[in-house]
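Before any comments, here is the structure.
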Amino acid sequence: MNYFKMKNFVVNTVLVSCFLWLLISCNSSSDRKLIVEEGDYYSGYEVYENKERDTTKLFSFTSRITNGMHSLEGVGFQNMIRFLEKSYSEKEFVLNDVKDTVSLDILYESDVDNSTKREILDRVLGHYNLKLEMSSKLKDYQELYIVDEAKLKQFECVSKTRNGESTKKNGKISIKCMGLDQLALKLKEENDPVIFKGNKQRYFTLKILNYSLVRDKVLLEKYGLALKPVKQKVGVYTISKK
């Protein structure tokens, strides 16, 4: 008798759990609209239009790889281009009477080639009746590089995986177990034109970094880092209406 009671309890629990999962899944996707797809579900690629994001935070979105699928959640036009268009590592955007107010969730196989990524990009822009034009120019940048290896090594993260995080507080940036290339990206988000071309497989915990390393030479010296002016080829991505 106890066996049958226990069996019924387990079955009922499983059924309730499945129902709750379906309910949560439906609610989480109820505000999403599939606008572009190629292939079957979880094969090829899919792009959903979601709720409008906070466009004062252009770089606020989620990127992850799960079971061989790459997902970008809550991206706009500019971040979509940053991830999918690989012609230039450094990018500048021009929006001609176009507002970057969409919120897109993009799901695609993590090993898709660059031509497929460009196809996704073109199809999404085509959905909004937009076109993309590319050009390039040389621009003044500051290259971040290592001067004193011994100083920097003191701040190297024990972890060998890129699983870090960054925080901003009182005009400062702190990074935990992140690469110097990721630091450069964070600084570019604050309009500090910094690039890093060195080893991207090393991770560091650097605390209380000023939003502008260009103006904080003392802090650079503390970490064994320095900056030098360079000319960098930048892709200019112009989005306009068709």
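The figures here come from the full heavy-atom set of this structure, side chains too, leaving out hydrogens, waters and symmetry mates.
- No more than 12 heavy atoms of other residues, nucleotides or ligands lie within 6.0 Å of NZ in Lys241, so this atom counts as exposed by the packing criterion.
- Here Phe93 contributes atom CZ and Leu132 contributes atom CG; the two are 9.0 Å apart, rounded to the nearest 0.5 Å.
- With Tyr108 as the aromatic partner, Lys117 does not meet the cation-pi criteria of under 6.0 angstrom to the ring centre and within 45 degrees of the ring axis.
- Glu46 contributes atom CD, which lies 7.0 Å from atom CE of Met69 (distance to the nearest 0.5 angstrom).
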Would Leu180 and Ile146 count as a side-chain contact (heavy atoms from CB on, under 4.5 Å) here? Give the steps. CA-CA 10 Å; Leu180 294 179; Ile146 301 170; 4.2 Å; yes
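- For the pair Ser71 (side chain) and Leu107 (backbone), a donor-acceptor distance under 3.5 Å is absent.
- For Asp148 (side chain) and Leu225 (main-chain N/O), no donor-acceptor pair under 3.5 Å exists by modelled atom type.
- Annotation: the span from Asn210 atom CG to Leu219 atom CG amounts to 7.5 Å, rounded to 0.5 Å.
- Note on Ile195 and Val236: separate hydrophobic clusters, where clusters join Ile, Leu, Val, Met, Phe, Trp and Tyr whose side-chain heavy atoms are under 4.5 Å apart, directly or indirectly.
- Ile175 and Leu185 are members of different hydrophobic clusters when ILVMFWY side chains are connected at heavy-atom separations under 4.5 Å.
- By the neighbour-count criterion of 12 heavy atoms within 6.0 Å, atom NZ of Lys233 is sparsely surrounded, having that number or fewer from other residues, nucleotides or ligands.
- Under the 4.5 Å side-chain criterion, counting only non-hydrogen atoms from C-beta, Met134 is in contact with Tyr237.
- Here the closest non-hydrogen pair linking Phe155 and Lys222 is CE1-O, 4.0 Å.
- The closest donor-acceptor contact from the side chain of Ser166 to the backbone of Ser174 lies at 3.5 Å or more, if one exists at all.
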Report the C-alpha distance between Leu72 and Asn79 in whole Å, list the side-chain angles of each, state the deciding distance to 0.1 Å, and finish with yes or no for side-chain contact (heavy atoms from CB on, under 4.5 Å). CA-CA 9 Å; Leu72 306 176; Asn79 276 328; over 6 Å; no
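- Counting non-hydrogen atoms of other residues, nucleotides and ligands closer than 6.0 Å to CD1 of Ile208 gives a total of 12 or fewer.
- Within a 6.0 Å radius of NZ in Lys217, other residues, nucleotides and ligands contribute 12 heavy atoms or fewer.
- Shown here for Glu133 and Ser240, the closest heavy-atom pair between the two residues is OE1-OG, 4.2 Å.
- To the nearest 0.5 Å, atom CD of residue Glu156 and atom OH of residue Tyr203 are 10.5 Å apart.
- Residues Glu143 and Gln232 fail the side-chain proximity criterion, which asks for heavy atoms closer than 4.5 Å.
- Side-chain contact between Tyr45 and Val112 is absent, with no heavy atoms from C-beta onward closer than 4.5 Å.
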For Leu125 and Met80: C-alpha separation, side-chain torsions, deciding distance, then whether side-chain contact (heavy atoms from CB on, under 4.5 Å) applies. CA-CA 10 Å; Leu125 291 174; Met80 177 179 64; 4.3 Å; yes
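- Asn50 contributes atom CG, which lies 12.0 Å from atom CD1 of Ile106 (distance to the nearest 0.5 angstrom).
- Pairing each heavy atom of Asp140 with each of Pro193, the nearest pair is O-CB, 4.1 Å.
- Atom-to-atom distance recorded for Lys137:NZ and Glu92:CD is 3.5 Å, nearest 0.5 angstrom.
- A single hydrophobic cluster is not seen to contain both Leu183 and Val147; linkage of ILVMFWY side chains at heavy-atom distances under 4.5 Å, directly or through other members, places them apart.
- Between Cys177 and Thr205, the closest heavy-atom pair is N-OG1, 3.3 Å.
- Side-chain contact check for Leu144 versus Leu187: every heavy-atom pair is 4.5 Å or farther apart.
- Of the charged side-chain nitrogens involved, none lies within less than 4.0 Å of a carboxylate oxygen, so that Glu90 and Lys139 do not count as a salt-bridged pair.
- Across all non-hydrogen atoms, the minimal contact from Lys207 to Tyr223 is O-OH, 2.6 Å.
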Check the pair Arg64, Glu73 against side-chain contact (heavy atoms from CB on, under 4.5 Å), reporting the backbone distance first and the verdict last. CA-CA 9 Å; Arg64 60 170 64 96; Glu73 300 170 13; 2.6 Å; yes
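- Looking at Ser63 and His70, their side chains come closer than 4.5 Å, going by heavy atoms from C-beta outward.
- A salt bridge does not link Glu85 with Lys91: none of the charged nitrogens is closer than 4.0 Å to a carboxylate oxygen.
- Here the side chain of Arg118 pairs no donor or acceptor atom with the backbone of Leu84 at under 3.5 angstrom.
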Would Phe77 and Tyr128 count as a ring-ring contact (aromatic ring centres under 6.0 Å, His included) here? Give the steps. CA-CA 11 Å; Phe77 295 135; Tyr128 293 100; 5.5 Å; yes
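- Residues Glu190 and Ile173 meet the side-chain proximity criterion, which asks for heavy atoms closer than 4.5 Å.
- Placement of Val230 and Val194 in two distinct hydrophobic clusters is found when ILVMFWY residues are connected by side-chain heavy-atom separations under 4.5 Å, directly or transitively.
- Listed for the Ser136 side chain is no donor-acceptor partner under 3.5 Å among the backbone atoms of Gly235.
- Heavy atoms only, all atoms of each residue included: Leu227 and Tyr145 are closest at C-CE2, 3.8 Å.
- Contact check on Asp113 versus Lys86 returns no salt bridge, with no Lys/Arg side-chain nitrogen under 4.0 Å from an Asp/Glu carboxylate oxygen.
- A donor-acceptor distance shorter than 3.5 angstrom exists from the side chain of Asp100 to the backbone of Gln78, with no hydrogens or angles considered.
- In this structure, Ser103 contributes its side chain and Lys51 its backbone to a donor-acceptor pair below 3.5 Å.
- One hydrophobic cluster, built from ILVMFWY side chains closer than 4.5 Å, cannot hold both Val94 and Ile81; they sit in different ones.
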